[in-house]
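Here's the structure we're looking at; comments come further down.
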Amino acid sequence: MANRQQSPGGPKTLPAKRTRSRTTKGLTAEQRVFAQQVRRGLLDPRQKQLPCQYFYDAVGSALYEAICQLPEYGLWRADCRLLERHGRELGQIFGNRLAVAELGSGTGRKTRLLLERLVARAQVAYFPIDLSTPALAQCSRNLADLPRLHIAPVQKSYLEGLQRVIRVCRDRRLLVLFLGSTIGNLEREESQHFLAAVRRLLRPGDGFLLSADLVKPKAALLAAYDDPLGVTAAFNRNLLARINRELGANFPLGSFRHLVRYNESERRIEMYLEAQQSLEARIPAARLRVRFRRGETIWTENCHKYHPGELRAMGLQAGFSVAAQWLDAEWPFAQTLFMVS
Ligand code: AVI
């Protein structure tokens, strides 16, 4: 993550004594990349950090599902309401030869609300794109009973997956979904590049439906990311638990506090894990021993919040036209439909 603040005391990191061959034996290719990224993030001299994509192992995905049910976390329900309200309209816009590709499909529970409305009028080819095999399997199971839906999971990164989908369905109009305000987890500049990259892959007549959480009062945002039940705190701490499980580390989970800030100037929630005492953790698979001062933080996630006009402007700058923008009445949240003309 770019643009992170300096750690006042600088890094306190020592190389681990164990050798690479002993510590990385038995790791999958994905876990080796995980270990490299953990190493890079915890050695960052400006601010210790960990990439938020690693929240979503089996435990983290289950915790995220629970977060979506929390009364304080309005995003998921707002996205669902908009899909229910405008799903039929989307079917009318795209006609009868439609393929839907979803970037980061997760379990497909929310997408079902849209797909139900689309298959009511025509046969639909659905391509969930996700790196997680269990999520794709769950998504296929959750949607298997929908009539006139052909599901073809794609286990790839978003843009690679989209390229594959475009290669195999030349004869259909494509609607790409990027739901859940996942865009908010990217830096603003990265989001702009991402939109432009999606635009370059699409053809005239194709569309891109983007969900994004909107700016709202600080108190509502802080409650959404620091719920009284502590589900989001567990979700955040699970990142260290995952490093312990998969990379053989010994982070004392109880010694890290879930910390949430709203950064007004960047219009984003920032999540951290704060060491409650000075401590040292070993991460053998990353060949790392890392020290923490009391109060030192690991930056784990950014959740950017948008203005509706800003989203439209981003799409236009990426080369799309704006076909529609729908706002939820209960929780400020937007779905913007961009088209390639
Ligand atoms: C997945 N992503 C859009 C969620 C969000 O709101 O940024 C992840 C999350 N982090 C804490 N709570 C939910």
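Predicted model only: the values in this text are computed from it and were never measured.
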Are the side chains of V340 and F320 in contact, using a 4.5 Å heavy-atom criterion? yes

Closest heavy-atom contact between D213 and P332? OD1-O, 3.2 Å

So CG of L162 and CZ of F127: to nearest 0.5 Å the spacing works out to 10.5 Å

Has R172 got a side-chain atom pairing as donor or acceptor with A99's backbone, closer than 3.5 angstrom? no

Under the side chain to side chain contact (heavy atoms under 4.5 Å, CB included) test, which residues partner Q92, sequence neighbours left out? R121

Can you list everything that forms a side-chain hydrogen bond (donor to acceptor under 3.5 Å, both in side chains) with Y126? Sequence neighbours excluded, please. E102

Are there more than 12 heavy atoms of other residues, nucleotides or ligands under 6.0 Å from atom CZ of R164? no

Report the C-alpha separation of E84 and R117 in whole Å, then their side-chain angles, then the decisive distance to 0.1 Å, and conclude whether the side chain to side chain contact (heavy atoms under 4.5 Å, CB included) test is met. CA-CA 8 Å; E84 281 175 312; R117 284 155 179 83; 3.8 Å; yes

Nearest 0.5 angstrom please: E160 CD to L201 CG, how far? 11.0 Å

Atom CZ of residue position R245 - does it have more than 12 heavy atoms of other residues, nucleotides or ligands inside 6.0 Å? yes

Going by salt bridge (charged side-chain N to carboxylate O under 4.0 Å, His left out), name the residues that satisfy it together with R242, two or more places apart in sequence or in a different chain. E246

Is there a side-chain contact between R291 and E296 in this structure, where contact means two heavy atoms from C-beta onward sitting under 4.5 Å apart? no

Any side-chain donor paired with an acceptor under 3.5 Å for Q138 and R141? yes

Give a yes or no on whether R148 atom CZ has more than 12 heavy-atom contacts from other residues, nucleotides or ligands under 6.0 Å away. yes

Do E72 and P228 come within less than 4.5 Å of each other through their side chains, counting heavy atoms only? yes

Could you walk me through whether L221 and V260 pass side chain to side chain contact (heavy atoms under 4.5 Å, CB included), step by step? CA-CA 10 Å; L221 284 171; V260 177; over 6 Å; no

Ring pair (Phe, Tyr, Trp, His ring centres under 6.0 Å): pairs with one or both residues in residues 145-202, sequence neighbours excluded: Y158-F178, F178-F194

Starting at CZ of R39, measure out to CD1 of I283 and round the result to the nearest 0.5 Å. 9.5 Å

Nearest heavy-atom approach of L311 to A334 is CD1-CB, 4.0 Å

Measure from the side-chain N and O atoms of R293 to the backbone N and O of S278, and report whether any donor-acceptor pair falls under 3.5 Å. no

Distance, nearest 0.5 Å, that separates CG of L209 from CD of Q335: 5.0 Å

Main chain of L186, side chain of H304: is a donor-acceptor contact present, judged purely on distance under 3.5 Å? yes

For Y73, the side-chain hydrogen bond (donor to acceptor under 3.5 Å, both in side chains) test, sequence neighbours excluded, returns none

Minimum side-chain heavy-atom gap L115-L118 below 4.5 Å: yes

All salt bridge (charged side-chain N to carboxylate O under 4.0 Å, His left out) counterparts of R237, not counting sequence neighbours: none

Which pair of non-hydrogen atoms, one from S105 and one from L136, has the smallest distance, and what is that distance? OG-CD2, 3.9 Å

Report the residues that fulfil side-chain hydrogen bond (donor to acceptor under 3.5 Å, both in side chains) with H258, sequence neighbours left out, ordered by chain and then residue number. N236

Output for pair (L175 CG, L337 CG), nearest 0.5 Å, gives 7.0 Å

Could you measure the distance from the CG atom of L214 to the CG atom of D328? Nearest 0.5 Å is fine. 9.5 Å

Using every non-hydrogen atom in the two residues, find where L27 and A285 come nearest and quote the distance to one decimal. CD1-CB, 3.7 Å

Are the side chains of T28 and F34 in contact, using a 4.5 Å heavy-atom criterion? no

L327 and F333, any side-chain heavy atoms less than 4.5 Å apart: no

Could you go through Q37 and R40, starting from their C-alpha distance and side-chain angles, then the distance that decides it, and tell me whether this counts as side-chain hydrogen bond (donor to acceptor under 3.5 Å, both in side chains)? CA-CA 5 Å; Q37 297 211 15; R40 190 175 320 136; 5.4 Å; no

Set of residues satisfying side-chain hydrogen bond (donor to acceptor under 3.5 Å, both in side chains) with respect to Q325, sequence neighbours excluded: R312, T336

Side-chain donor/acceptor of R112 to backbone N/O of G108, under 3.5 Å: no

No-hydrogen, no-angle side-chain donor-acceptor test under 3.5 Å, N238 and D57: yes

Can you name the one residue among T300, T297, L50, L259 that meets side chain to side chain contact (heavy atoms under 4.5 Å, CB included) with L273? T300

A side-chain contact here means heavy atoms from C-beta on lying under 4.5 Å apart; do Y64 and T107 qualify? no

Taking the six-membered ring of Y306 (Phe, Tyr or Trp), confirm whether the NZ or CZ of R188 is under 6.0 Å from its centre and within 45° of its axis. yes

What I want to find out is whether E330 reaches R77 closely enough, with some N-O distance under 4.0 Å, to be called a salt bridge. no

Are E190 and Q192 linked by a side-chain donor-acceptor pair shorter than 3.5 Å? no

Between N250 and R289, a side-chain donor and acceptor under 3.5 Å: no

Over all atoms of both residues, closest heavy-atom pair of C303 and E301: SG-OE1, 3.5 Å

Carboxylate-amine/guanidinium proximity below 4.0 Å for R268 and E187: yes

Checking K156 now: which residues fulfil salt bridge (charged side-chain N to carboxylate O under 4.0 Å, His left out) with it, not counting sequence neighbours? none

Are any of the side-chain heavy atoms of L179 and L114 separated by less than 4.5 Å? no

Please collect all ring pair (Phe, Tyr, Trp, His ring centres under 6.0 Å) contacts where either partner lies in residues 234-257, sequence neighbours excluded, each pair once. F55-F235, Y56-F235, F251-F256, F256-F292

Determine whether R109 and W76 satisfy the following criterion, side chain to side chain contact (heavy atoms under 4.5 Å, CB included), listing intermediate values before the conclusion. CA-CA 11 Å; R109 258 193 332 131; W76 195 80; 3.9 Å; yes

List in chain and number order the residues that pass side chain to side chain contact (heavy atoms under 4.5 Å, CB included) with T133, two or more places apart in sequence or in another chain; answer none if no residue qualifies. Q155

Just to verify, what does D206 make a salt bridge (charged side-chain N to carboxylate O under 4.0 Å, His left out) with, not counting sequence neighbours? R203

Geometric cation-pi criterion R261 and Y272, 6.0 Å radius, 45° cone: yes

Look at atom CD of Q69 and say whether more than 12 heavy atoms of other residues, nucleotides or ligands are closer to it than 6.0 Å. yes

Could you report the tightest heavy-atom contact between G26 and Q31, atom names first, then the distance? O-OE1, 4.3 Å

